[in-house]
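What follows is a set of notes on a single structure, which appears directly below.
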Protein chains: 2
Amino acid sequence: MDLDPAQLRAFLAVTERRHFGRAAEELAITQQALSKRIARLEEVLGERLLDRDGRGARPTAAGERLIEPARAVLAACAAAVTAVRGAARPLRLDVWGHLFAPLRTVGAVAVEPGAVEIGHGRDLPSVLAALLRGEIDAGFGRHHALPDGRHRELAHRLVRLEPVDVVVGPDHPLAGATELRPCDLRTSQLLLPTAPARLEFLRRFAERFELTSSAVGSNLGAEHFLARLAATPTAVTLLPADLPLPDAPGLRGIPLVEPTPLYAWSLVWPKRAPHPGIPALLRAFTEAGRRRRWLEYHPERDWLPEAEAAQLGEAVR
Amino acid sequence: MDLDPAQLRAFLAVTERRHFGRAAEELAITQQALSKRIARLEEVLGERLLDRDGRGARPTAAGERLIEPARAVLAACAAAVTAVRGAARPLRLDVWGHLFAPLRTVGAVAVEPGAVEIGHGRDLPSVLAALLRGEIDAGFGRHHALPDGRHRELAHRLVRLEPVDVVVGPDHPLAGATELRPCDLRTSQLLLPTAPARLEFLRRFAERFELTSSAVGSNLGAEHFLARLAATPTAVTLLPADLPLPDAPGLRGIPLVEPTPLYAWSLVWPKRAPHPGIPALLRAFTEAGRRRRWLEYHPERDWLPEAEAAQLGEAVR
DNA sequence: CAGCTTTGACAACCATTGGTTGTCGGCGAG
DNA sequence: CTCGCCGACAACCAATGGTTGTCAAAGCTG
């Protein structure tokens, strides 16, 4: 009699939330898939486990009897994993995309104390290499395909679509505007903190909205970059809308509309032997994202480069 | 981190037997399938669990650490099933094909005391109906498709191929032979204990080897049937080779060769909500069958009607 | 009351999974 | 050397388990 832990997890999620849709969201599957899991579990056990009505679901008597034993099965599974791998160690998470301050988002996610160790940040290739070598367990940043195909060994989940503002210096001709369209920037120069090949989002923005771009130089730091921006009247750059601007004199962040560019943040982790804490981390991000509406996307008014390149389906995956 | 109980079961079987092939046999899957299960478990856990060499396999240190927790997972699963369904009750097994004495085979299988309740026997349609109604949990006999397609709701496993002798009375012209070929019986009359539609094996034998058949009449009992056989000089019938003949005067069982007909015994159980004891029962039958060579089959010298009708693949399934 | 929204399940589809058969390479024994 | 045993790889394919699209039922609101 083989009980499937995924089915038990689905069942427990519904008993906790009393609602198939929210349980499905917690598990990051569709409601229909969750419904099927429950149905399969009910078929294996030969008992109705949940009474459904138009407002949700609640456990039957048989379902009530299953709740604690189901938790025990999942705990036994976790203990078996721990026995093989040794004592549970914190999940090591590292981030990339320093200029867009990934730690803001990570910090907004409630995780169990001690369960996650957050690295100091690296660039994307370094994070991905560390993931593939098993030196870290997860990465957070804007994920895109790598030319050598190694990303295929990684799983990823889109967790946030963040609006991006344009940032200008005090002498920029459009500095007084309350909002701007990307096409208004055509006469401006997009300033890049480093080589464009390393900044896929900004490069795509420049291509899409026909800005010339100029790289400051090799990693001289955010302060230097922003000082350069402030001192260059024709220069603009992009930063997340809710990122506090540093104290560089006169810099303004102006909302972009028609369309608003969205920066896609994802979690990434190795497909092979994932750390046992990955599911909990994913759930924590999903929960935070639901509460803060991190995944809102309106195609008629937002610009999401992944959607243009038909990568969104994979990213949601 | 979802551990698959089937994978854990595979791992435990190998640790107990130290041999992939025998473990696979215990689980009634091929060695290759079992090898894949182990490989998948090793991939999920990210650790080598078994050291393989040309003579078998033994657990690694990580594998040793997994043994008891794996047992705990399976026990937790069993407890969860029990919690839903109530206290474990014995598995109710009933048999059919009374004349061929199915209880000999069932009695030869070691099962845990109290785990199985054996019924007194019924005919095939009755057993199958009871299975589908949930009145019993398993059946044992010669399984074949039913015209109304309900057998599709049943799973089955071939567990024994039993050689069949021809039985003749004292006045039969061939009574003195030490062995016979089925084609030697062409001038004989195959005596059937009841209507041929109810005796698929005997009917097929008669068709295949061109015997006329004659039914004694409606269920007057084995003694009456065998007395009629003894008193009819041209009559033969078929009985299992190792079934002791009753004390009917002068009846002889003569081995059939070129080919030897094989009677295929199977276990049958409902696909939906199978009793938790089914896997253990299957294992017990498999073990007994391995020890006694119950599944030996040599196409060049045996006759198995299911093989002719290309049903053997399904039967093994 | 009609219309709309919410909810879980059915249908169709398809990628993935997990089994089978056939075969292979490595190892050990005679 | 040959042969047999053993576990794994390759090819294949049925089964599984997810997705999207849709539907019916129930509940809510104006």
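Reminder, nothing fancy here: chain letters follow the sequence lines and each chain counts from 1.
- When the side-chain contact (heavy atoms from CB on, under 4.5 Å) test is applied to B:A79, no partner is found at least two apart in sequence or on another chain.
- Atoms CD (B:Q7) and P (C:dG19) sit 8 Å apart, rounded to a whole Å.
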Protein and nucleotides 4-10 of chain C: nitrogen or oxygen contacts under 3.5 angstrom:
{"from": "C:dT7", "atom 1": "OP1", "to": "A:H19", "atom 2": "NE2", "distance (Å)": "2.8"}
{"from": "C:dT7", "atom 1": "OP2", "to": "A:H19", "atom 2": "NE2", "distance (Å)": "3.4"}
{"from": "C:dT7", "atom 1": "O5'", "to": "A:H19", "atom 2": "NE2", "distance (Å)": "3.2"}
{"from": "C:dT7", "atom 1": "O4'", "to": "A:G54", "atom 2": "O", "distance (Å)": "3.4"}
{"from": "C:dG8", "atom 1": "OP1", "to": "A:F20", "atom 2": "N", "distance (Å)": "3.0"}
{"from": "C:dG8", "atom 1": "OP2", "to": "A:F20", "atom 2": "N", "distance (Å)": "3.2"}
{"from": "C:dG8", "atom 1": "OP2", "to": "A:G21", "atom 2": "N", "distance (Å)": "3.3"}
{"from": "C:dG8", "atom 1": "N7", "to": "A:Q31", "atom 2": "OE1", "distance (Å)": "3.2"}
{"from": "C:dA9", "atom 1": "OP1", "to": "A:R52", "atom 2": "NE", "distance (Å)": "2.6"}
{"from": "C:dA9", "atom 1": "OP1", "to": "A:R52", "atom 2": "NH2", "distance (Å)": "3.2"}
{"from": "C:dA9", "atom 1": "OP2", "to": "A:S35", "atom 2": "OG", "distance (Å)": "2.1"}
{"from": "C:dA9", "atom 1": "N7", "to": "A:Q31", "atom 2": "NE2", "distance (Å)": "3.1"}
{"from": "C:dA9", "atom 1": "N6", "to": "A:Q31", "atom 2": "OE1", "distance (Å)": "3.4"}
{"from": "C:dA9", "atom 1": "N6", "to": "A:Q32", "atom 2": "NE2", "distance (Å)": "3.0"}

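- Applying the salt bridge (charged side-chain N to carboxylate O under 4.0 Å, His left out) rule to A:R301 yields no partners; only residues at least two apart in sequence or on another chain are considered.
- Proximity of B:T30 to the phosphate of C:dT20: a side-chain N or O atom is located under 4.0 Å from OP1 or OP2.
- Phosphate proximity of D:dT16 to A:R40: absent, as no side-chain N or O sits under 4.0 Å from OP1 or OP2.
- Distance alone, capped at 3.5 Å, places no donor-acceptor pair between the B:R52 side chain and the B:A57 backbone.
- In this structure, A:R9 atom CZ and D:dG17 atom C1' are separated by 16 Å, rounded to whole Å.
- In this entry the distance linking CG of A:L34 with P of D:dT20 reads 15 Å, nearest Å.
- Across the protein-nucleic acid pair, B:F11 atom CZ and D:dG7 atom P stand 15 Å apart, rounded to whole Å.
- Summarising the geometry, the separation between CZ on B:R157 and C1' on C:dG19 is reported as 13 Å, rounded to the nearest angstrom.
- Rounding to whole angstrom units, CZ of residue B:R58 and C1' of D:dG7 are separated by 15 Å.
- Legend: residues meeting side-chain contact (heavy atoms from CB on, under 4.5 Å) with A:T260, ordered by chain and number and at least two apart, are A:P163, A:V257, A:L262, A:D302.
- OP1 and OP2 of D:dG7 both lie 4.0 Å or more from every side-chain N or O belonging to B:R37.
- For A:A83, the side-chain contact (heavy atoms from CB on, under 4.5 Å) partners at least two apart in sequence or on another chain are B:P69.
- For A:Q7, the side-chain contact (heavy atoms from CB on, under 4.5 Å) criterion is met by A:D4, A:R37, A:R40, A:L41, not counting sequence neighbours.
- The CG-C1' distance, from B:L27 to C:dT20, rounds to 16 Å in whole Å.
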